[in-house]
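Below you'll find the structure, written out as structure tokens, and then a few comments.
Starting from 1, each residue takes its place in the sequence as its number. Fair warning: this is a prediction, and the values are worked out from it, not measured in the lab.
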Amino acid sequence: MVQAYILIQTEVGKAAAVAREISGIPGVTRAEDVTGPYDVIVRAEANNVDELGKLVVAQIQAVEGITRTLTCPIVHI
């Protein structure tokens with residue numbers, strides 16, 4: 001299982017709607033709107049890195065109002 005945090009920037013005023021929509025995507029375990037340089041932080045999981053990439057590109061980035069994403073895979077050191 002691969003897990004990651006996805007940091008999302010949105011159009012002005014869209015953070016809450018984006019977080020709400022993303023929270024319903026399978027593979028997303030949390031989606032919260034926050035303040036700071038990013039507007040939404042998502043925690044997601046997938047069986048492997050390829051599936052995680054597909055989740056981000058095909059489903060999360062397709063949500064209207066998103067301007068940029070940054071995927072940060074979780075590592076256990």
Please set out all donor-acceptor pairs under 3.5 angstrom arising from side-chain atoms of residues 43-50, sequence neighbours excluded.
residue: Arg43; atom: NH1; partner: Tyr5; partner atom: OH; Å: 2.8
residue: Arg43; atom: NH2; partner: Gln3; partner atom: OE1; Å: 3.0
residue: Glu45; atom: OE1; partner: Gln3; partner atom: NE2; Å: 3.4
residue: Asn47; atom: ND2; partner: Glu51; partner atom: OE1; Å: 3.4
residue: Asn48; atom: OD1; partner: Asp50; partner atom: N; Å: 3.1
residue: Asn48; atom: OD1; partner: Glu51; partner atom: N; Å: 2.8

> Are Leu70 and Ile74 co-members of a hydrophobic cluster defined by side-chain heavy atoms under 4.5 Å apart?
Replying inline: yes
> Can you check whether Ile22 reaches Ile8 side chain to side chain, under 4.5 Å on heavy atoms?
Replying inline: yes
> side chain to side chain contact (heavy atoms under 4.5 Å, CB included) with Thr67: which residues, sequence neighbours excluded?
Replying inline: Gln9, Glu11
I'd like a table of donor-acceptor pairs (distance under 3.5 Å, sequence neighbours excluded) in which one partner is a side-chain atom from residues 32-40, with atom names and distances.
residue: Glu32; atom: OE2; partner: Arg30; partner atom: NH2; Å: 2.8
residue: Asp39; atom: OD2; partner: Thr10; partner atom: N; Å: 2.7
residue: Asp39; atom: OD2; partner: Thr10; partner atom: OG1; Å: 3.3

> How long is the gap from SG on Cys72 to CG on Leu7, to the nearest 0.5 Å?
Replying inline: 4.5 Å
Could you pull out every donor-acceptor pair under 3.5 Å between side chains of residues 53-61 and any protein atom, sequence neighbours left out?
residue: Gln61; atom: NE2; partner: Thr69; partner atom: OG1; Å: 2.8

> Hey, any chance Leu52 and Ile25 share a hydrophobic cluster, counting ILVMFWY side chains that come within less than 4.5 Å of each other, even indirectly?
Replying inline: yes
> Under 4.5 Å between side-chain heavy atoms, hopping through other hydrophobics if needed: is there a path connecting Val2 to Val28?
Replying inline: yes
> Given a cutoff of under 4.5 Å between side-chain heavy atoms of I, L, V, M, F, W and Y, with clusters grown through shared members, what are the other residues clustered with Ile77?
Replying inline: Val75
> Which heavy-atom pair separates Pro73 from Ala4 by the least distance, and what is that distance?
Replying inline: CA-CB, 3.7 Å
>> For residues 12-23, which residue pairs pass the side-chain hydrogen bond (donor to acceptor under 3.5 Å, both in side chains) check, not counting sequence neighbours?
In response: none
